[in-house]
Amino acid sequence: MYASSGIDLFDEATLADPYPAYARLRELGSVVRLEAHGVWALPRHASVATALRDPATYSSERALALTDPVNERLLAGTVVGTDGAAHARLRRVLSRQLAPRALKSLTLDLHEHARALVEALPHDGGFDAVADLAAPFVAGIVMRLMGLPDRDRALLLDLADATFDTFGPDNARTRAGLPHAEEMFGYLARVATRDTIAADSWLGAIHTAADHGDIDESQAVPLMLSYTVAGMDTTIHAITSALHLLAHTDQWAPIRDRAVPTDAVLAEALRMEAPIQFFGRRTTRDVHIGDTVVPAGEQVLLLYGSAGRDRDRWGPDADTFDITRDSRDHLALGSGIHQCAGNHLATLEFDAVLTALARRFRSLAPSPGQAPTRRPHNILRGWHTLPLVAA
Ligand code: HEM
């Protein structure tokens, strides 16, 4: 016997507000069979953490997305979809660019970029935290670091968002995303060549790694997705979710007074609203989870978004955003060998934006009469528009 549920995690109502469904799954057990999708879900913090830290049992190969074509065509050979020594080889190439030491010289630049965008916001007026701030900030920085032309920013944002959508089941969003995900590969093969990309850029460093034999030539474009897909919407959604929560819970004063470190605010926002709601794994052996045996070869979804709301880990007020909470143990950036490689950059970006806003504005509030909107997405959670008023 095992716990099972008919919940469809990808219907419109559940995507709009997945938390009641997550609560039901957590009540059912540490592992629940999702009949609608033919996979298992891990909804609790403890079981997600255990799986993340045991990659020998929970493989990332042919496992991250819900359909075979995406796992086999789009994700094969990517850093996030590879195990063991092959993964370590790919990850080393990224670590050179994304390690705290490598990013140190960027800090000033990030703060200047954020300050310029915040200074350009209307005084005493409303602004859209997505279009006027988070998206131009993150995409502007990442395009430049990757070495890609800034005129392609909107295109890359669209392709990245659509690529993530293909991680879902065989539904309309996945199918609509597929041509765009294929185009991401086509774009990189055309535009990110040795001739066009600066050698000292992130994508240039991937060509250098191939030249040195650190990776195979065929791995270069899949490895580029580590930046073009993973480094955009994730951080935009993290920033805007935090701003939404801050504006709606009247917690701006401690931010303005620098009474709470920005990394603690980021951790709490990521706990509450994981920008990536889940990734899959595949069991390499029969595995006991609570009283259930999940057979070898089964797909298991790690529900990061649910783990962040687990009362067994976060207490009875798990659904409350509280910037004084110690949320460092959240799983929204993963954990273990696949833990987010862009974690340090995301933390620096968040600090730059929050510091610039705190310097300029004494208050941050929702824009009266203008509700924020979401775009339903198979795997990402964030705001499509977020009208705020700062003064
Ligand atoms: C707050 C923003 C971000 C969030 C919430 C986030 C989330 C995640 C998560 C959950 C994973 C774990 C994957 C797994 O366990 O299978 C991951 C991995 C990864 N992230 Fe991020 N990410 C963020 C920002 C970034 C940025 C800015 C970059 C790069 C510029 C990046 C690059 C990567 C890469 C390359 C991996 C794969 C690491 C590996 O497989 O070894 N991420 N991220």
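Heavy-atom basis, side chains included; hydrogens, waters and symmetry copies ignored. When a ligand or atom number is given, it counts from 1 through the structure's own listing order. Note that the coordinates shown come from a computational prediction; the quantities given were computed from them, not determined experimentally. Note that the numbering runs from 1 along the sequence shown for the chain.
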With only distance considered, is H87 within less than 3.5 Å of ligand 1 through an N or O on each side? yes
Among all protein heavy atoms, pick the one closest to atom 24 (C) of ligand 1 and tell me residue, atom and distance. T234 OG1, 3.5 Å
Which heavy atom of the protein is the closest neighbour of atom 21 (Fe) of ligand 1, given with residue, atom name and distance? C340 SG, 2.3 Å
Return the orientation label for the F279 and F167 ring planes: parallel under 30°, perpendicular over 60°, tilted otherwise. tilted
Flag, side chain of R360 to backbone of V118, donor-acceptor distance under 3.5 Å: yes
Cationic N near anionic O, under 4.0 Å, E27 to R24: no
Of the protein's non-hydrogen atoms, which lies at the shortest distance from atom 1 (C) of ligand 1, and what is that distance? A238 CB, 3.6 Å
L52, portion touching ligand 1 at heavy-atom distance under 4.0 Å: side chain
Can you check whether A352's main-chain N or O pairs, donor with acceptor, with T355's side chain at less than 3.5 Å? no
So the atoms of ligand 1 within less than 4.0 Å of a heavy atom of L94 turn out to be 35 (C)
Name the option, out of G336, A341, A51, that contains the heavy atom nearest to atom 36 (C) of ligand 1. A341
Using heavy atoms and a threshold below 4.0 Å, how should the contact between A332 and ligand 1 be classified: side chain, backbone, both, or neither? backbone
Within 6.0 Å of CZ in R328, more than 12 heavy atoms from elsewhere: no
For R96, look at atom CZ and say whether over 12 heavy atoms of other residues, nucleotides or ligands are found less than 6.0 Å away. yes
Among R281, Q339, E273, H344, which one puts a heavy atom closest to atom 14 (C) of ligand 1? R281
Identify, for atom 28 (C) of ligand 1, the protein heavy atom at the shortest distance, and state residue, atom and that distance. G342 CA, 3.4 Å
Regarding atom 25 (C) of ligand 1: of the candidates A230, A88, A346, which has the closest heavy atom? A230
A student checking ligand 1 against F279 at a 4.0 Å heavy-atom cut-off should list atoms 13 (C), 14 (C), 16 (O)
Examine H248 together with F321 and report whether their ring centres are nearer than 6.0 Å. no
Testing the 3.5 Å rule here: is there a donor-acceptor pair between the side chains of T174 and N378? yes
Atoms of ligand 1, numbered as shown, that sit under 4.0 Å from any heavy atom of G334: 10 (C)
With a 6.0 Å cut-off (strictly less than), is the heavy-atom count around NE2 of H384, excluding the residue itself, greater than 12? no
Numbering the atoms of ligand 1 from 1, which are under 4.0 Å from a heavy atom of I337? 41 (O)
Please check whether Y227 reaches ligand 1 - meaning an N/O of the residue sits under 3.5 Å from an N/O of the ligand, judged on distance alone. no
Under 4.0 Å from ligand 1, counting heavy atoms only, is it the side chain of F350, its backbone, both or neither? neither
In terms of ring plane angle, is the pair F127 and F361 parallel, tilted or perpendicular, where the classes change at 30° and 60°? parallel
For atom 30 (C) of ligand 1, what's the nearest protein heavy atom and its distance? G231 CA, 3.8 Å
Residue, atom and distance of the protein heavy atom nearest atom 27 (C) of ligand 1 read T235 OG1, 3.5 Å
Got L110 and F137 here, is their nearest side-chain heavy-atom distance under 4.5 Å? yes
Going by heavy-atom distance to atom 35 (C) of ligand 1, choose the closest among S60, P275, G81, S226. S226
Is it the case that the side chain of T347 and the backbone of N343 share a donor-acceptor pair, with hydrogens and angles ignored and the cut-off at 3.5 Å? yes
Any idea which part of R91 is under 4.0 Å from ligand 1, heavy-atom wise: side chain, backbone, both or neither? side chain
Could you list which atoms of ligand 1 come closer than 4.0 Å to a heavy atom of I276? 7 (C), 8 (C)
of all protein heavy atoms, closest to atom 40 (O) of ligand 1 is H338 ND1, 2.6 Å
Take a 6.0 Å sphere around CG of D152 and say whether it holds more than 12 heavy atoms from other residues, nucleotides or ligands. yes
For atom 11 (C) of ligand 1, what's the nearest protein heavy atom and its distance? L333 O, 3.9 Å
Looking at ligand 1, would L331 count as a contact under a 4.0 Å heavy-atom criterion? no
Crowding at CG, D250 (>12 non-hydrogen neighbours, <6.0 Å): no
